[in-house]
Each structure stands twice: as structure tokens, then as C-alpha cells.
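See structure below.
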Amino acid sequence: MEIGTRYEPKGMEMKWYKNWLEKGYFTPKGSGPKYCIVIPPPNITGRIHMGHALNITIQDILSRYKRMQGFDVLWLPGEDHAGIATQTAVEKFLSTQGKSKRDFSREEFLSIVWDWANKYRTEIKNQIMSIGASVDWTRERFTLDEGLSKAVRKVFVELYKKGLIYKGKYIVNWCSRCGTVLSDEEVEYQEEEGTLYYIRYPIKEEDDFVIIATTRPETMLGDTAVAVHPSDDRYSKYVGKVAILPLVGRELPIIADNYVDPSFGTGALKVTPAHDPHDYLIGQRHNLPFVDIFDENIVVNENGGKFKGLTAEQARKAIVEELELQGYLVKVEKLKHSVGRCYRCDTVIEPRLMDQWFVSMKPLAKRATEAVEQDEVKFVPERWKKVYLNWMYEIRDWCISRQLWWGHRIPVWQCHDCGHYNVSESEITKCEKCGGVNLKQDEDVLDTWFSSALWPFSTMGWPEKTADLERYYPTDVLVTGFDIIFFWVARMIMMGYEFMNEKPFREVYIHQLVRDKYGRKMSKSLGNGIDPLEIIDEYGADPMRFTLAILAAQGRDLKLDVKFFDTYKKFANKIWNATRFVLMNLDDFEKLDINYEELSLVDKWILSRLHKAIQKVTQSLDSYDFNIAAGEIYNFFWDELCDWYIEAVKNRLKKSHRRLVQNILVYVLDMSLRLLHPFMPFLTEELWTKLPTSGESIVIASWPKVNQAFIDEISEKRFNMIMNIIRGVRNIRAEVNLPQSTKVCTFVKGNLSEEEQEYIKFLGNVEDIQFVDQRPEQSATAYVSIDTEVYVSLGALIDVENEVVRLKKKVEKLKNDMEKFTKKLSDENFLRNAPEDIVEETKEKQRIFHEQIDRIEQIISDLEAKV
RNA sequence: GGGUGCGUAGCUCAGAGGGAGAGCGUCUGCCUUACGAGCAGAAGGUCGUAGGUUCAAGUCCUGCCGCACCCACCA
């Protein structure tokens with residue numbers, strides 16, 4: 001069968017993907033041992049990025065590997081409606097058309113977002129397909145599907161009934177751009193250079209004052225107290241007195257509270273209970289008034305008097321000017337402090353006192369914490385366990401209401417007559433408490449992560465008792481990045497135990513974050529993103545996948561440089577051409593029952609190497625060491641199979657060994673392609689199906705098993721020697737500047753079989769091998785071991801001085817290496833304490849070095865005698 | 001303040017108790033009929049630093065120096 005001369009991924013990939021879908025390989029059969037992964041649903045905000053590509057590649061490697069191992073694999077796909085992110089994206093889109101959300105009713109706006117969602121879902125689906133993901137599309141889910149929405153409502157209602165959901169007025173994080181509150185996790189803190197303002201607050205009816213320090217002078221409009229530490233002598237005389245708020249005139253009690261740090265600023269704190277979480281607590285403790293000075297756009301409201309209508313920033317400027325003018329401003333200092341910003345739009349977060357819905361987390365956290373402590377749910381790499389646990393130990397309540405339109409509307413109908421919250425899974429028209437019909441559903445939607453938390457079971461049909469839940473829950477592994485351990489992983493574990501009474505997954509594999517080649521986060525603003533679709537287009541999905549896999553060591557970051565893709569595209573091409581070579585030599589192929597004893601040395605060598613590779617790849621995949629698995633197959637295929645085995649058998653294919661060699665080649669190639677398939681599904685399918693021994697599809701081919709009978713240390717050792725002899729011969733040619741195409745003659749002291757001589761002649765480009773008792777004149781030393789020495793006849797080309805220098809260098813190196821062993825062996829403690837096999841091994845190595853050095857030194861002194 | 005990870009070849013990174021590895025880059029040869037997206041050969045490292053454990057330390061422990069990051073606090 002003929003194939004083209006170059007690896008060309010275009011066209012080939014989608015052809016196979018369609019074929020796989022038609023054959024239904026990705027839909028599990030529903031019987032036998034199962035393996036299940038649910039995909040982390042991508043947001044429908046746009047294109048997938050490299051992080052998704054890595055995430056999907058890893059899951060696909062696992063899925064395909066397990067499928068080949070005979071597991072009934074379900075990899076369940078879907079997308080996330082991504083509340084804030086999507087609404088922001090749509091609003092941005094509308095603004096390019098000169099429109100805004102306010103131009104539409106809620107229903108109209110939602111219909112626009114639904115169009116958007118449908119469009120991007122299709123696009124993302126295509127993108128996932130183009131990577132080659134073997135997901136079961138017949139089970140695709142979306143977080144806003146009716147079924148999943150039902151699950152969301154049921155969970156809300158049940159948590160409410162258990163008293164784990166409550167509504168209350170607390171300080172929350174407000175993003176004025178998004179127009180919604182955020183959970184604590186959605187706020188990202190950054191160190192920023194700020195200013196600390198020292199302001200004089202006069203004492204009422206006294207000619208005295210206290211100085212407070214603040215980074216946010218504008219919030220003084222909402223001050224309702226001044227606080228000092230109870231044991232701060234500097235201020236004890238003021239406690240109980242009243243300060244006058246400059247510019248405003250409000251009377252502020254001076255109170256003592258332990259929260260105040262006497263060493264910060266002046267040790268006196270202005271208390272703004274409505275705009276700072278700590279001040280809020282102080283306000284509660286001391287029963288202070290709460291004065292909210294901002295509206296929803298963080299513009300000063302009527303409580304700000306003459307500053308009304310100014311943004312926070314403008315207000316700060318105006319207030320500072322005014323303070324200075326009136327002599328209240330004492331001094332300003334630079335101060336580094338951290339500022340919270342919205343994780344979606346980077347707007348500065350304003351703490352505000354608002355009435356919101358919360359989930360009480362401590363009760364939910366209990367089992368989810370124990371489960372991870374006891375490794376019922378295991379983190380890989382293990383260090384993330386600690387990160388998870390630390391967060392769980394300190395868990396705080398979760399603000400789940402969002403002032404958005406896009407999402408799951410909160411299933412609460414408040415009665416206008418009696419104020420009762422009617423919490424219900426379905427629309428309610430009559431108040432269950434007072435019977436009134438004046439009900440209004442809560443305007444807010446739920447945090448997008450609320451539905452994500454249910455993903456492992458809601459996608460399988462919960463709350464119905466479905467066959468899928470029965471069979472596939474709990475899932476086997478969750479593959480995700482560390483950045484969403486708190487957002488998502490922790491919450492899934494909590495919800496899984498709460499509603500399924502069972503963990504959602506046995507293991508959590510945490511992979512790296514993909515960064516650019518300088519280690520920076522890939523972002524739109526930096527323009528340093530690498531678009532997986534462009535990479536697929538230019539290099540192919542298989543090389544991209546292989547690149548990501550081989551870089552996926554268990555670290556924190558994956559620094560990605562586009563040039564890596566080129567390297568592994570070359571590898572794909574190598575696989576392509578190696579297969580092409582094999583196929584070109586199969587015109588008269590006939591399958592043989594191979595008798596191992598009949599095999600030649602190279603055959604035994606490659607089979608041994610193959611089975612060791614099978615072992616290593618299998619073990620590495622079992623432990624999520626994708627980089628090791630990929631590296632192993634890369635080296636085996638390129639170095640051993642292509643550069644040695646195929647090179648060696650080129651000659652043998654012409655001879656009477658042809659049949660046998662064809663069979664070994666096909667076998668080794670077949671097994672190699674299977675090992676490669678999880679990494680490079682398209683290429684391996686394309687090539688494997690062309691092999692004479694192949695079946696219907698490599699997707700459903702069985703995973704290679706290690707056959708101990710093929711592991712043959714003796715043949716490996718012997719062929720290793722042959723390789724070293726050949727390298728030695730080539731080396732000498734390079735040393736004396738002979739082209740490798742120049743045939744040379746060699747002399748051998750020792751024993752080599754006919755077959756071994758054949759390899760040396762063919763691969764070393766050696767014309768003739770003569771056996772001798774000692775080194776002949778005018779020859780260079782290519783190889784020296786205890787029982788075998790190989791010399792290359794150079795005739796007049798030999799430069800004795802050069803040869804001496806070369807050998808001396810070699811001896812030097814050998815001596816250096818031997819030194820370590822000699823040292824060890826002369827150490828009594830080593831001999832006494834080291835395990836016997838190590839001592840023996842060391843002695844043996846030392847002996848080998850010693851003899852080699854002896855031999856070469858003798859050769860050197862012979863040569864020197866002649867000069 | 002609490003925690004995590006990382007310092008190994010010029011670059012990017014593997015390796016985690018017994019002779020320092022890969023890819024890229026560099027240098028030298030090769031128009032060898034599968035592949036120049038290739039083949040052969042070579043140069044290049046006191047494994048951040050100081051101690052400790054051990055017969056034996058890139059590898060385990062401790063301190064230090066650098067670089068990232070997470071959590072909490074930040075008037």
C-alpha cells in the first residue's frame with residue numbers, strides 16, 4: 001500500500017474523526033468494567049485556548065488508553081453558560097453596535113444571549129473535535145439545559161430547607177462594571193502603590209483632635225465612629241468622647257476595639273461600617289449606624305452631601321482638596337497595599353453592605369474535608385491536597401446571588417403581603433405562609449459555579465435515578481488546573497457528598513497552567529496567546545497533542561514556545577516515513593508464526609526494547625506521568641526503532657531473512673502505533689489501518705501487553721556492544737576527516753558471530769573484518785572492552801601523534817570515571833555497609849574500566865615507541 | 001504573617017539515593033532511494049549556596065540567597 005512522502009495532517013484528521021463518530025466508538029456500550037471522566041465544561045465566551053487544549057489532550061490520552069485496555073469508557077462533554085463572563089462578552093459585543101443591555105428587556109436580552117450561546121457552543125464543539133477528543137457527543141450537556149436547571153433548583157430548595165442557604169445583609173464584593181456582587185473567590189488581590197492620608201478629626205467641644213490614617217479618604221462620608229485599641233495609652237483619654245467628622249460635621253463616638261492595630265498609622269481608625277468588612281464587624285459590635293454612601297455605579301449618593309454625583313475617584317480628589325484647604329489634612333505617605341479587582345473585568349471591587357443569598361459552607365465542608373484527608377478523593381500531584389485542605393479548614397460562606405440576567409434564576413418567590421420567602425422548584429403563585437397571591441420572583445441569578453458544582457451528577461440525569469448515574473457515578477478522575485480548585489473542585493466534592501452521598505471522583509489530576517515562553521500568563525492584553533486552532537492548522541492536532549503531553553511534567557507552569565510544535569511535527573513526519581518504509585517492503589508479506597529461537601540478535605534486541613517501552617509507557621500513564629510516557633515512546637521509536645533496527649534490517653530485507661524481518665517490523669510498528677495512539681490518534685489511525693495485520697480501527701485495538709519472554713538482557717547487552725563498535729568506527733572516520741561513506745577495513749581481537757559481523761559491516765560501512773591477535777600497524781583503536789577490541793585500518797592516513805592524543809584523552813576520561821569506583825572500593829565503610837550486589841557491581845565496573853585503561857595505555861605506549 | 005513550587009548544558013526543561021539526560025541552539029562531515037521535517041559525529045555541566053544525614057547526595061534534612069505563586073491581613 002502506498003502513502004505520500006510527507007506527513008500532511010490537513011484533511012486526514014477530520015476524515016477520521018467523522019469515521020469514529022459514525023462508528024460510535026466514543027459511546028460506551030454499558031457493560032464491562034467502566035472508566036468515566038466528565039469534562040470541565042468550557043465557557044461559551046469564545047474560542048478555546050491552550051489551557052483547554054492541554055486539558056482536553058490529557059483527558060483524551062486517558063480515555064483512549066483506558067478504552068484500548070478494554071474499559072467501557074464514558075467521557076462526557078458539555079459547556080458552561082459562564083454567567084458573568086458570557087454576559088460581559090455579549091454586552092461588549094452589543095456595545096460595538098452602539099447598544100447596551102438597557103436597550104432591551106430581560107427577555108429580549110436573554111434571547112440575544114441564547115443566540116450567542118448556541119453559536120459559540122457549536123464553535124467550541126468543533127474546536128474540541130478538531131483536537132480529537134473522544135467524548136461521547138450523544139451525552140453532551142449544557143449547564144442551562146432544562147435537566148441541569150432542574151437539578152440546580154432542587155439543590156437550592158433542599159439546601160434552603162436544611163437551613164444551609166440564607167439571605168442576609170452583609171458586606172459583599174461589588175463590581176460596578178459588571179453590576180453584580182461576587183464571591184470572595186472571584187476577587188483577585190494585587191499589590192498596588194497607594195497613598196495613606198493622615199486626617200485630623202477634631203474632638204467635640206474641645207480644642208483637641210485625633211489623627212486617623214486612611215487609604216480611602218472618600219469613604220469618610222460614611223464614617224460613623226473612630227476606634228482605638230483599648231490598651232493604647234495615647235488614646236485612652238479620648239474613648240467615650242465624640243469626634244467631629246470634617247467636611248460633614250457628623251458626630252462620631254470614639255470607641256475602643258481590639259481589632260485596631262496600634263502600630264499602624266496613628267493607631268486611630270476611622271470606622272466606615274458600610275464599606276469595609278472589618279468596620280462592618282466593629283459596627284455590629286458597637287451598634288453603630290451604617291451609612292452607605294455609594295449607589296450601584298459607585299457614585300456618591302445623597303448621603304454624601306455636596307459630593308453627591310461624583311465617582312469614587314472624583315470624590316477622593318475633591319475631598320482631599322477640601323481637607324487640605326480647611327487644614328484637616330496632616331500629611332500623605334506612599335503605601336503598598338493590596339487592591340481587590342474583579343476576576344472577569346479587572347474593575348476595582350467595592351465592599352458594600354447588601355442583602356444577598358449565601359450558602360453556609362462549614363456543614364457542607366465536613367465530609368468533603370475528611371474525604372480528602374483520608375484519600376477517599378486523591379489529589380495528583382499530592383501537594384494540592386494541602387492547598388485544598390487549607391482552604392477547607394478556613395472556608396467562609398459563599399455568596400451565590402448575582403445581579404445578572406444570564407443564569408439560573410433564584411427559585412425564590414417573595415410574598416409582598418407577609419414578606420415570606422417561598423422557595424420552590426417550580427413556579428409558585430400563592431404564598432405558602434399567608435396565602436397571598438402577591439408574589440414576585442427574586443430578580444437575581446445564581447453564581448455560575450453553583451451549577452458547575454453539580455456537574456458530575458447533574459450531567460448524568462440527577463435528580464432522576466438514571467442508569468448512567470448508577471453505572472458511571474462516581475467518576476474515575478477529574479482533570480483540571482489548580483486555578484479552580486476552590487471555585488470548582490472543592491464545591492463539587494461538597495455537593496457530591498451532600499446530594500449523591502458519594503464522592504464525585506476518585507482522583508483529581510491537577511495539570512499545569514499554560515504560559516508563554518517567558519512564563520507570563522497568556523492573555524489578550526499581552527497578545528502573547530498561542531491559539532490552538534492556529535497550531536492545529538499549521539502543525540496538525542497530533543503534533544500539538546504530543547507537544548503538550550511531553551511538556552506536561554507535574555509542575556506548576558508549562559512554558560510554551562511555538563518552536564516546540566515544530567519539533568514534534570518532525571516526529572510525526574518520522575513516524576510517517578518509517579511506516580512508509582515498512583509498507584514499501586511488504587509487497588510479498590506473509591504472516592508467519594514466529595519461533596523466537598530463530599530470531600537474530602537485532603530482532604531479539606528490538607523486541608526486548610519494545611517490551612520495556614510498553615512497560616514504561618503503561619506504568620507512566622497509570623501514574624499520570626504523561627511527559628515520561630511520551631518521552632519513552634519518542635526515544636524508542638526514533639532512536640531505537642528507526643536509527644538502529646530499521647537501519648540494520650535494510651540489509652537483511654534483501655536476503656533470506658526477509659520474511660522474518662517483515663514480520664518483526666510489522667509487529668513492532670503495530671505495537672508502537674498502539675502506544676502512540678493516545679497521544680496522536682489521527683496519525684496512528686491513518687497508518688495503522690494500512691498495516692497488513694491491522695483490524696477495523698486502532699481506536700478499539702487492544703493496548704500492548706508486556707511479554708516477559710521478549711525481555712532479553714543478554715541480547716540487549718550484546719547488541720549494545722555491536723552499537724558501540726559501530727559508533728567507534730564512525731567516530732574514527734570523523735576524527736580523521738573521512739566521509740562516513742568511505743569504506744574501511746577493521747581488525748577484531750575477540751569473537752564475533754557471522755551475524756554480528758554483518759551488522760558491523762553494514763551499519764559501520766566496513767568492507768572487511770579480519771581477526772587478529774594484536775593491534776596491527778597503521779590502525780586506529782575503535783573499541784576496547786575486556787574481551788573484544790576493534791581497530792580500523794587507516795594505512796597511510798594514520799597520524800600516530802593524533803591517535804596518541806585521542807587515546808590519551810579517552811584514557812583520561814576513563815580514569816576519571818574509574819576514580820569514583822576505586823575510591824569507593826578502597827573505603828572500608830563502603831565494603832562493610834553497602835549492599836552486596838552494589839559492591840559486586842562496583843567491583844565489576846572497576847575491573848572493566850581497569851582492563852580497558854590497561855589495554856589502551858598499552859596501545860599508547862606501543863604507538864609512542866614507534867614515533 | 002502562613003503555605004507551595006522552582007534554581008541541573010547557551011535556551012527550555014526531564015531526572016529524586018549507587019557511573020550527569022533530552023529537545024532546541026552551536027560546531028564538523030554526509031545529495032546513504034522512508035524521512036534534509038533527514039543521517040553520522042562532536043563540543044558544552046564543581047546539578048543556586050553553606051552545612052548535615054548516609055558507606056554513598058542533583059536526589060533526603062536544615063539554614064541562606066535568588067525567582068515565581070497561593071492564602072490571610074493591609075486604616
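Letters A, B, ... are given to chains in the order of the sequence lines, protein chains preceding strands, and every chain is numbered from 1. Every heavy atom of this structure was used, including side-chain atoms; hydrogens, water molecules and symmetry mates were not.
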(message) Between A:Glu188 and A:Tyr343, is there a side-chain donor-acceptor contact under 3.5 Å, judged purely by atom types and distance?
(response) no
(message) How would you summarise protein contacts on nucleotides 21-31 of chain B per nucleotide, using B for base, S for sugar-phosphate only and - for none, with heavy-atom distances below 4.0 Å?
(response) --SS----S--
(message) I'd like to know if A:Glu647 reaches the base of B:A34 with its side chain such that a donor and an acceptor end up less than 3.5 angstrom apart.
(response) yes
(request) Could you list the residues that satisfy side chain to side chain donor-acceptor pair (under 3.5 Å) with A:Ser826, not counting sequence neighbours? (result) none
(message) Using a heavy-atom cut-off of 4.0 Å across all strands, would you classify A:Asp643 as base, sugar-phosphate, or nothing?
(response) sugar-phosphate
(request) Please list residues of residues 815-827 of chain A whose heavy atoms come under 4.0 Å from any atom in RNA chain B, ordered by number; otherwise none. (result) A:Asp817, A:Lys820, A:Phe821, A:Lys824, A:Asp827
(request) Would you indicate what A:Lys845 reaches in the nucleic acid, counting non-hydrogen atoms under 4.0 angstrom: base, sugar-phosphate, or nothing? (result) base
(message) Just to be sure I understand the rule, does A:Asn731 reach a base, reach only the sugar-phosphate, or reach nothing, if contact means heavy atoms closer than 4.0 Å?
(response) sugar-phosphate
(request) Identify the nucleotide, in any strand shown, that forms a Watson-Crick or G-U wobble pair with B:A40, with both distances under 3.5 Å; if there is none, say none. (result) B:U28
(request) Please work out if A:Ile212 contacts a base, only the sugar-phosphate, or nothing of the nucleic acid, heavy-atom cut-off 4.0 Å. (result) nothing
(request) Kindly say whether, by distance alone, the side chain of A:Lys650 makes a donor-acceptor pair under 3.5 Å with the base of B:A34? (result) yes
(message) Distance criterion of 3.5 Å, no angle test: do you see the side chain of A:Arg733 paired donor-to-acceptor with the base of B:A40?
(response) no
(request) Round to a whole Å and report the spacing from CG of A:Asn829 to P of B:U53. (result) 13 Å
(message) Within the 4.0 Å heavy-atom criterion, would you say A:Leu831 contacts the bases, only the backbone, or no part of the nucleic acid?
(response) nothing
(message) Taking side-chain contact (heavy atoms from CB on, under 4.5 Å) as the criterion, tell me which of A:Val372, A:Val489, A:Ile485 meets it with A:Val508.
(response) A:Val489
(request) For A:Val582, report the nucleic acid contact type (base, sugar-phosphate, nothing); a contact means any heavy atom under 4.0 Å. (result) nothing
(message) Counting the atoms with a prime plus P, OP1 and OP2 as sugar-phosphate, which does A:Arg730 contact under 4.0 Å by heavy atoms, base, sugar-phosphate, or nothing?
(response) sugar-phosphate
(message) Using OP1 and OP2 only, check whether a side-chain N or O of A:Trp638 sits under 4.0 Å from B:C39.
(response) yes
